[in-house]
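Read the structure below first, then the notes.
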Amino acid sequence: MNRHRTALSVLLSAGALVAGVLTAATPSIAADAPTSFRPQQTQGFWTAERMRAATPLDVTAVPDAARTAVATSATPTAIAPTAAASAASPTAFPQAGGAWTGGGAVVKTSGRVFFTMGTRTASCSGNSITSANGSTVMTAGHCVKYQGAWHTNWVFVPAYDNGSAPYGQWSATKTFATDQWAASEDMNMDVGLAVVAPLNGQTLSQAVGAQGVLFNGGYNKKMYSFGFPAAAPYDGTKLVYCSGNSGKDFLLTKDHSLGCNMTGGSSGGPWFQDFNEATGLGTQVSVNSFGYTFLPNRMYGPYFGNEAKAAYDKAQTS
């Protein structure tokens with residue numbers, strides 16, 4: 001019996017949602033599928049025009065699949081952020097979705113992710129996290145691998161600004177996913193990472209800083225979620241955030257749940273607890289993952305447990 005969802009939909013759009021839903025076939029992947037990939041890169045591929053035209057990748061699900069057990073009682077493991085940042089004005093809490101105007105570290109550590117998915121160009125979001133190699137990006141599993149295939153031409157653009165890359169395009173040398181996502185695209189484990197090559201003699205964290213990470217941190221926290229939604233009514237040009245008291249999914253997964261109206265393209269953007277609006281620093285505990293088709297304006301993000309920690313350890317030491 002399939003351990004994960006049996007009906008999964010991908011909404012792809014070039015500026016507006018495509019009418020209808022493209023239903024993805026259930027992946028057929030060996031249990032020992034590789035959990036990392038070295039994506040090919042085409043020099044100069046991501047022009048401003050290609051970035052603007054990339055279709056936002058969004059995942060929606062229906063609750064007709066068996067749950068997979070997620071260990072949530074392990075000892076918390078926290079990795080502190082790499083650097084502080086300048087002060088900023090506080091913003092509204094809760095917030096169902098709006099442009100982030102507070103400034104701070106999150107403006108630099110967050111960015112858009114671009115990749116080729118088969119013959120299509122697509123986009124997600126990601127975040128620079130503190131790591132041993134100083135070059136690790138956290139994102140969603142489906143933003144590195146989807147429907148059994150790893151994405152290529154994978155780049156991270158921190159502080160993306162309407163086609164421009166103020167801190168450069170950071171090409172992935174290797175992408176990673178949790179063992180469970182790589183093997184069967186288990187929605188509970190929709191966590192991906194990328195190690196990016198140095199740029200202009202600097203690592204990613206040296207150039208833009210990096211946020212802290214927490215594993216096995218528990219549920220029901222005050223959360224801030226960030227991303228670059230690119231499907232209507234958003235257009236991918238702005239860093240958007242949601243904030244509120246999070247809950248726990250009681251349907252398909254053991255994910256965190258947060259009231260949020262972000263759309264396709266926000267997948268992989270960071271969720272923070274203990275987020276400081278004045279500095280833009282927080283502790284990352286999840287990523288934007290999926291929404292239910294019948295529950296609009298609600299986002300779900302995977303619980304960072306031992307499985308996510310194992311994938312992080314592989315990436316940060318790569």
pair [X]-[Y]: side-chain heavy atoms closer than 4.5 Å:
{"X": "E277", "Y": "Y241", "answer": "no"}
{"X": "D190", "Y": "Y300", "answer": "no"}
{"X": "N261", "Y": "Y234", "answer": "yes"}
{"X": "V191", "Y": "E307", "answer": "no"}
{"X": "R50", "Y": "T116", "answer": "no"}
{"X": "T237", "Y": "D161", "answer": "no"}
{"X": "V287", "Y": "M138", "answer": "yes"}
{"X": "P270", "Y": "S110", "answer": "yes"}

Looking at residues at least two apart in the chain, or sitting in another chain, which of them share a ring-ring contact (aromatic ring centres under 6.0 Å, His included) with [X]?
{"X": "F45", "value": "none"}
{"X": "F228", "value": "none"}
{"X": "F272", "value": "F226, F275"}

I'd like to know if the side chain of [X] and the backbone of [Y] have a donor-acceptor N/O pair within less than 3.5 Å.
{"X": "T139", "Y": "S125", "value": "yes"}
{"X": "W100", "Y": "G103", "value": "yes"}
{"X": "N188", "Y": "K254", "value": "yes"}
{"X": "Q316", "Y": "A132", "value": "yes"}

- Task: Test F215 against Y312 for ring pair (Phe, Tyr, Trp, His ring centres under 6.0 Å), laying out the working first.
- Result: CA-CA 10 Å; F215 300 94; Y312 165 78; 5.4 Å; yes

Spacing of [X] atom [atom1] and [Y] atom [atom2] [to the nearest 0.5 Å]:
{"X": "H142", "Y": "M187", "atom1": "NE2", "atom2": "CE", "answer": "7.5 Å"}
{"X": "Q206", "Y": "S135", "atom1": "CD", "atom2": "OG", "answer": "8.0 Å"}
{"X": "W271", "Y": "M223", "atom1": "CH2", "atom2": "CE", "answer": "6.5 Å"}
{"X": "C143", "Y": "F156", "atom1": "SG", "atom2": "CZ", "answer": "12.0 Å"}
{"X": "T253", "Y": "D186", "atom1": "OG1", "atom2": "CG", "answer": "9.5 Å"}
{"X": "T263", "Y": "N297", "atom1": "OG1", "atom2": "CG", "answer": "10.5 Å"}

- Message: Let's go through F114 and Y160 carefully: what are the C-alpha distance in whole Å and the side-chain angles of both, what is the deciding distance for ring pair (Phe, Tyr, Trp, His ring centres under 6.0 Å) to 0.1 Å, and is it a yes or a no?
- Response: CA-CA 11 Å; F114 297 95; Y160 173 86; 5.6 Å; yes

Can you pull out every disulfide bond (SG atoms under 2.5 Å apart) where at least one residue sits in [range]? Sequence neighbours excluded, please.
{"range": "residues 274-307", "result": "none"}
{"range": "residues 258-318", "result": "C242-C260"}
{"range": "residues 188-236", "result": "none"}

[X]: which residues meet the side chain to side chain contact (heavy atoms under 4.5 Å, CB included) condition with it, sequence neighbours left out?
{"X": "T317", "answer": "none"}
{"X": "V208", "answer": "K108, S128, P158, Y167, L204"}
{"X": "N220", "answer": "none"}
{"X": "A311", "answer": "T178, L193"}

- Would you call the rings of Y303 and H256 parallel, tilted or perpendicular if under 30° counts as parallel and over 60° as perpendicular?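 Tilted: the ring planes of Y303 and H256 meet at 30° to 60°.
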
- Message: side chain to side chain contact (heavy atoms under 4.5 Å, CB included) for N216 and N306? Distances and angles first, verdict last.
- Response: CA-CA 7 Å; N216 294 304; N306 295 338; 2.9 Å; yes

- Partner residues of K238 under the salt bridge (charged side-chain N to carboxylate O under 4.0 Å, His left out) criterion, sequence neighbours left out: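 Counting only residues at least two positions away or on another chain, K238 forms no salt bridge (charged side-chain N to carboxylate O under 4.0 Å, His left out).
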
- Under the salt bridge (charged side-chain N to carboxylate O under 4.0 Å, His left out) rule, collect the residues that match up with D274, sequence neighbours excluded.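 In terms of salt bridge (charged side-chain N to carboxylate O under 4.0 Å, His left out), with neighbours along the sequence ignored, D274 is linked to no residue.
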
- Message: Do the side chains of K314 and D179 get close enough for a salt bridge, i.e. N-O under 4.0 angstrom?
- Response: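 Judged by the 4.0 Å cut-off on N to carboxylate O distance, K314 and D179 do form a salt bridge.
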
- Side chains of Q284 and N127: donor-acceptor distance under 3.5 Å anywhere?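 There is such a pair between these side chains.
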
- Answer with yes or no whether the side chains of N133 and S318 bring together a donor and an acceptor at under 3.5 Å.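 No.
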
- Query: Centre of Y219's six-membered ring, under 6.0 Å away, within 45 degrees of the axis: is that where NZ or CZ of K248 sits?
  - Reply: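 Satisfied, under 6.0 Å and within 45°.
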
